[in-house]
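A short worksheet on the structure shown next.
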Amino acid sequence: MRCHSVKQLVLIATITLSSAQYQSLSGYQVWALNGDIPNVSIHLLKNGLADILDFAGPRKQISIHPKNLEEVDRILNQEGIHHRVLIEDLAVYLESRDVLRKKRQTETCSLASCPKPLSESFMTFEEMCCKKSCNNIPPQMEWYLINLNATYYPRVEVTSIGKSIEGRNIWQVFIKSSACNEGTAIWLEGGIHAREWISPAVTLHLVNRLARDCSIGKLFDVYIVPMANPDGYEYTWNTNRLWRKNRRIIPDSDCDGVDLNRNWDFDYGVGASDAYCSEIYKGVSAFSEPETLSLKTAMEAVNQEKNLILVIALHSYGQYLLYPYGGRTESAPFTTEMIEKGKVFTRAVSHSHETVFRIDNSGVAYSQASGATDDWAKGVLGVKYVYTLELRDGGSEGFVLGVDKIAPSEEEIWEGMRAILLSVNPSNYTLL
Ligand code: 0X9
Ligand code: ZN
């Protein structure tokens with residue numbers, strides 16, 4: 001038997017891992033639809049026959065499970081909608097692109113810079129809390145969070161707000177303000193949709209920035225859940241890179257998972273589906289899922305004790321800052337103010353890399369849908385400023401954004417975050 005060096009073993013492990021992410025997408029096709037298709041793609045999504053890949057755009061690109069290809073073809077022909085195959089086999093396509101995108105195990109951390117999230121690789125959930133020392137390669141999101149707690153406690157406190165359906169911790173980072181604005185809180189949620197990898201990556205970098213920053217950090221009590229759907233996220237690493245939902249196993253069904261952003265108890269069911277196979281399956285009832293129940297309970301606790309003034313749920317992709325409601329046509333309270341502060345955010349975001357983020361109502365820019373974090377935070381908790389932030393990109397790489405976009409994304413979002421935090425700051429405390 002040949003002996004492999006540690007470096008070779010790491011590389012082999014990485015290659016095996018990336019192949020596994022794509023295996024279950026074997027035979028999936030991506031089609032581009034032509035013509036006037038107002039509701040057809042939404043209909044296919046709700047019935048679990050296809051997934052919409054360009055939600056922020058004209059909804060003309062769909063991915064289809066091999067067993068549904070004929071049925072979708074039949075429906076499109078019946079509706080007179082022409083289509084062409086963009087990608088013959090999603091697994092082959094993603095695998096071929098991955099060669100160029102892979103970059104792991106290159107970053108180490110020194111004791112001086114630890115703990116810090118990775119900038120050149122997406123982190124596995126484990127990397128984000130096991131107790132590995134800085135000298136171990138690779139640095140482990142659970143690793144990062146636990147080390148963060150050890151380094152910055154008591155100013156920073158990392159606690160579990162509950163467990164996912166497979167028993168993983170849902171971590172909350174609490175970064176405490178000093179005296180200035182004590183009692184005013186903000187809430188950031190990352191990673192509720194498993195495949196949107198840039199969301200937890202950017203959220204962890206925000207944690208890092210806020211924990212180290214002693215100026216903006218003073219303004220608010222900041223609560224951050226960087227990984228709201230750890231099981232789904234792990235599943236994207238091990239089995240299906242494009243998995244969106246949580247990992248609830250549904251007995252007697254071919255399909256698993258609940259869309260956690262359709263499971264909240266506000267306008268529950270609007271723009272969601274009862275079909276198990278749909279990417280927007282809403283679950284058996286509002287808050288049926290341990291992940292959403294944990295988030296809700298933690299948010300309620302913060303809101304009871306403090307003035308929760310801003311909630312941002314980080315998603316991808318589309319480069320949009322969306323404000324509620326997503327499931328009603330009436331304006332939500334403080335819409336004018338949300339737009340005004342939203343512009344402050346998007347303007348600041350564009351400074352570092354000239355990336356254009358648009359601000360719009362979620363029901364208009366995406367599709368009428370509720371049961372989501374944002375609508376619940378606005379409609380039930382009554383938070384003044386509520387947004388869903390759809391991170392990079394505009395659609396060229398989509399969910400499988402390259403690792404080279406982590407650093408610029410987190411840089412620009414930090415600029416936006418600094419600006420909006422200063423702007424919504426109720427005491428008008430200015431930083432010198
Ligand atoms: O559909 C979603 O859950 C979000 N878009 S994504 O592509 N990341 O899945 C948008 C949610 C916007 N908010 C509401 N519709 N309430
Ligand atoms: Zn999302």
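Start at 1 with the first residue, then count along the sequence. Values reported hereafter were calculated over all heavy atoms of this structure, with side chains retained and with hydrogens, waters and symmetry mates removed.
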Atom of [X], atom of [Y] and distance for their closest heavy-atom approach:
{"X": "L94", "Y": "L25", "result": "CD1-CD1, 3.8 Å"}
{"X": "L49", "Y": "N68", "result": "O-ND2, 3.5 Å"}
{"X": "K163", "Y": "I170", "result": "C-CD1, 4.0 Å"}
{"X": "S164", "Y": "D231", "result": "OG-OD1, 2.7 Å"}
{"X": "D375", "Y": "A369", "result": "OD2-O, 3.9 Å"}
{"X": "F122", "Y": "L401", "result": "CE1-O, 3.3 Å"}

Short side-chain donor-acceptor distance under 3.5 Å, [Y] and [X]:
{"X": "N263", "Y": "E289", "value": "no"}
{"X": "T373", "Y": "E189", "value": "yes"}
{"X": "E412", "Y": "T355", "value": "yes"}
{"X": "Q29", "Y": "W31", "value": "yes"}

Polar side-chain atom of [X] near backbone of [Y] as donor-acceptor pair, under 3.5 Å:
{"X": "E196", "Y": "S316", "result": "yes"}
{"X": "D393", "Y": "G398", "result": "yes"}
{"X": "D221", "Y": "S177", "result": "yes"}
{"X": "E390", "Y": "L322", "result": "no"}
{"X": "N229", "Y": "K245", "result": "yes"}
{"X": "K46", "Y": "S278", "result": "no"}
{"X": "N208", "Y": "K116", "result": "no"}
{"X": "W237", "Y": "N240", "result": "no"}
{"X": "R195", "Y": "T236", "result": "no"}
{"X": "K378", "Y": "P333", "result": "yes"}

Below 4.5 Å, heavy atoms only, C-beta onward: do [X] and [Y] meet side chain to side chain?
{"X": "V202", "Y": "H205", "answer": "no"}
{"X": "V225", "Y": "L295", "answer": "yes"}
{"X": "Y144", "Y": "V207", "answer": "yes"}
{"X": "F399", "Y": "R244", "answer": "no"}
{"X": "N425", "Y": "F220", "answer": "yes"}
{"X": "E300", "Y": "L381", "answer": "yes"}
{"X": "S199", "Y": "T203", "answer": "yes"}
{"X": "D213", "Y": "R418", "answer": "yes"}

I need the [X] [atom1] to [Y] [atom2] distance, nearest 0.5 Å.
{"X": "R97", "Y": "E397", "atom1": "CZ", "atom2": "CD", "answer": "5.5 Å"}
{"X": "I192", "Y": "T388", "atom1": "CD1", "atom2": "OG1", "answer": "9.5 Å"}
{"X": "S367", "Y": "I280", "atom1": "OG", "atom2": "CD1", "answer": "6.5 Å"}
{"X": "I186", "Y": "N307", "atom1": "CD1", "atom2": "CG", "answer": "12.0 Å"}
{"X": "Y385", "Y": "F345", "atom1": "OH", "atom2": "CZ", "answer": "15.0 Å"}
{"X": "T184", "Y": "L219", "atom1": "OG1", "atom2": "CG", "answer": "9.5 Å"}

(message) Is the ring pair H193/H315 parallel, tilted or perpendicular, if the boundaries are 30 and 60 degrees?
(response) perpendicular

(message) Determine whether Y281 and I250 satisfy the following criterion, side chain to side chain contact (heavy atoms under 4.5 Å, CB included), listing intermediate values before the conclusion.
(response) CA-CA 11 Å; Y281 172 53; I250 300 168; 3.7 Å; yes

(request) Start with the C-alpha gap between D256 and R247, add the side-chain angles, then the distance that decides, and say whether salt bridge (charged side-chain N to carboxylate O under 4.0 Å, His left out) holds. (result) CA-CA 6 Å; D256 302 323; R247 287 299 305 153; 3.5 Å; yes

(message) Could you check whether atom NZ of K405 has more than 12 heavy atoms from other residues, nucleotides or ligands sitting under 6.0 Å from it?
(response) yes

(message) Does Y276 have more than 12 heavy atoms from other residues, nucleotides or ligands lying within 6.0 Å of its OH?
(response) no

(request) Scan residues 318-339 for pairs that pass side chain to side chain donor-acceptor pair (under 3.5 Å), counting only residues two or more places apart or in two chains. (result) D267-R328, Y320-R358

(message) If we check side-chain contact (heavy atoms from CB on, under 4.5 Å) with M417, which of these qualifies: I216, V349, I312?
(response) I312

(request) Please test D274 against K282 for salt bridge (charged side-chain N to carboxylate O under 4.0 Å, His left out), starting from the C-alpha separation and ending with a verdict. (result) CA-CA 6 Å; D274 282 323; K282 63 188 172 57; 2.9 Å; yes

(request) Quick one: do I175 and R155 satisfy side chain to side chain contact (heavy atoms under 4.5 Å, CB included)? Show the steps, please. (result) CA-CA 6 Å; I175 304 170; R155 198 172 87 80; 3.8 Å; yes

(request) For the pair I62 and V72, evaluate side chain to side chain contact (heavy atoms under 4.5 Å, CB included) and give the outcome as yes or no after the intermediate values. (result) CA-CA 10 Å; I62 56 174; V72 173; 4.1 Å; yes

(message) Before you tell me yes or no, could you show the steps for F287 and D265 under side chain to side chain contact (heavy atoms under 4.5 Å, CB included), namely the whole-Å CA-CA distance, both residues' side-chain angles and the distance that decides it to 0.1 Å?
(response) CA-CA 7 Å; F287 296 127; D265 196 9; 3.4 Å; yes

